[in-house]
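Note sheet for the following structure.
All values below were derived from every heavy atom in this structure, side-chain atoms included, with hydrogens, water molecules and symmetry-related copies excluded.
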Amino acid sequence: MPKSRIRKKADYTPPPAKQATNIKLTNRSWVAPVMLALFAIGLVWIVVFYVTDGSLPIESIRNWNIVVGFGFIAAGFGVSTQWK
């Protein structure tokens, strides 16, 4: 029976070195003040609603003022995800 040919394996060549990429950090100095402002606006909105027995900030939406206040607070948490 004939012998099969022995294939010569190629020598190992390491992959080319990766070049370092510059990471561009954007200026996110606006995040913390906006986040804190949204938290404060939401808190003040809810406190004013309770202190004035619902006559302020917007009387026509009644108890939805609480939802608006928590909406500002939720927006603050949303902005906080941009903080690095």
Side-chain angles (χ1 to χ4, degrees):
M1 203 163 205
K3 281 188 168 181
S4 62
R5 291 189 215 166
I6 298 174
R7 294 184 211 156
K8 183 178 179 184
K9 293 184 180 181
D11 292 335
Y12 173 75
T13 55
K18 293 183 180 178
Q19 294 179 352
T21 58
N22 292 336
I23 298 174
K24 184 178 180 184
L25 298 175
T26 59
N27 186 4
R28 296 201 174 156
S29 61
W30 59 272
V31 173
V34 171
M35 175 184 65
L36 294 175
L38 288 170
F39 287 156
I41 291 169
L43 179 65
V44 168
W45 192 287
I46 294 170
V47 168
V48 167
F49 173 72
Y50 277 117
V51 169
T52 61
D53 289 329
S55 63
L56 287 176
I58 302 173
E59 186 175 6
S60 63
I61 62 173
R62 295 177 296 223
N63 288 336
W64 284 98
N65 280 303
I66 298 170
V67 175
V68 172
F70 278 114
F72 278 113
I73 293 171
F77 280 114
V79 169
S80 71
T81 63
Q82 300 297 315
W83 193 9
K84 287 189 178 187

Contact check, side chains of Val79 and Leu38, non-hydrogen atoms, under 4.5 Å: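 Yes - at least one pair of side-chain heavy atoms lies under 4.5 Å apart.
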Taking the ring centre of each residue, are Phe39 and Phe72 less than 6.0 Å apart?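 Phe39 vs Phe72: aromatic centres not under 6.0 Å.
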Can you get from Val44 to Phe70 by hopping between Ile, Leu, Val, Met, Phe, Trp and Tyr side chains that sit under 4.5 Å apart?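 The answer is no; the residues belong to distinct hydrophobic clusters.
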Single-linkage hydrophobic cluster Val48~Ile73, side-chain heavy atoms < 4.5 angstrom: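 No: no chain of side-chain contacts under 4.5 Å links Val48 to Ile73.
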So which heavy atom on Met35 is nearest to which on Gly76, and how close?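 Taking Met35 first and Gly76 second, the nearest heavy atoms are CG-O, 3.4 Å.
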Which pair of non-hydrogen atoms, one from Thr52 and one from Leu56, has the smallest distance, and what is that distance?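 Minimum heavy-atom separation between Thr52 and Leu56: OG1-N, 3.2 Å.
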So, taking the atom named [atom1] in [X] and the one named [atom2] in [Y], what distance separates them when rounded to the nearest 0.5 Å?
{"X": "Thr81", "Y": "Phe77", "atom1": "OG1", "atom2": "CZ", "value": "11.5 Å"}
{"X": "Ile41", "Y": "Leu36", "atom1": "CD1", "atom2": "CG", "value": "11.0 Å"}
{"X": "Trp45", "Y": "Ile66", "atom1": "CH2", "atom2": "CD1", "value": "12.5 Å"}

Mark yes when over 12 heavy atoms from residues, nucleotides or ligands other than Arg28 sit less than 6.0 Å from its CZ; otherwise mark no.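 Atom CZ in Arg28 is packed in, count exceeds 12.
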From the options Val67, Asn63, Ile61, select the one residue that forms a side-chain contact (heavy atoms from CB on, under 4.5 Å) with Asn65.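 Result for side-chain contact (heavy atoms from CB on, under 4.5 Å) with Asn65: Ile61.
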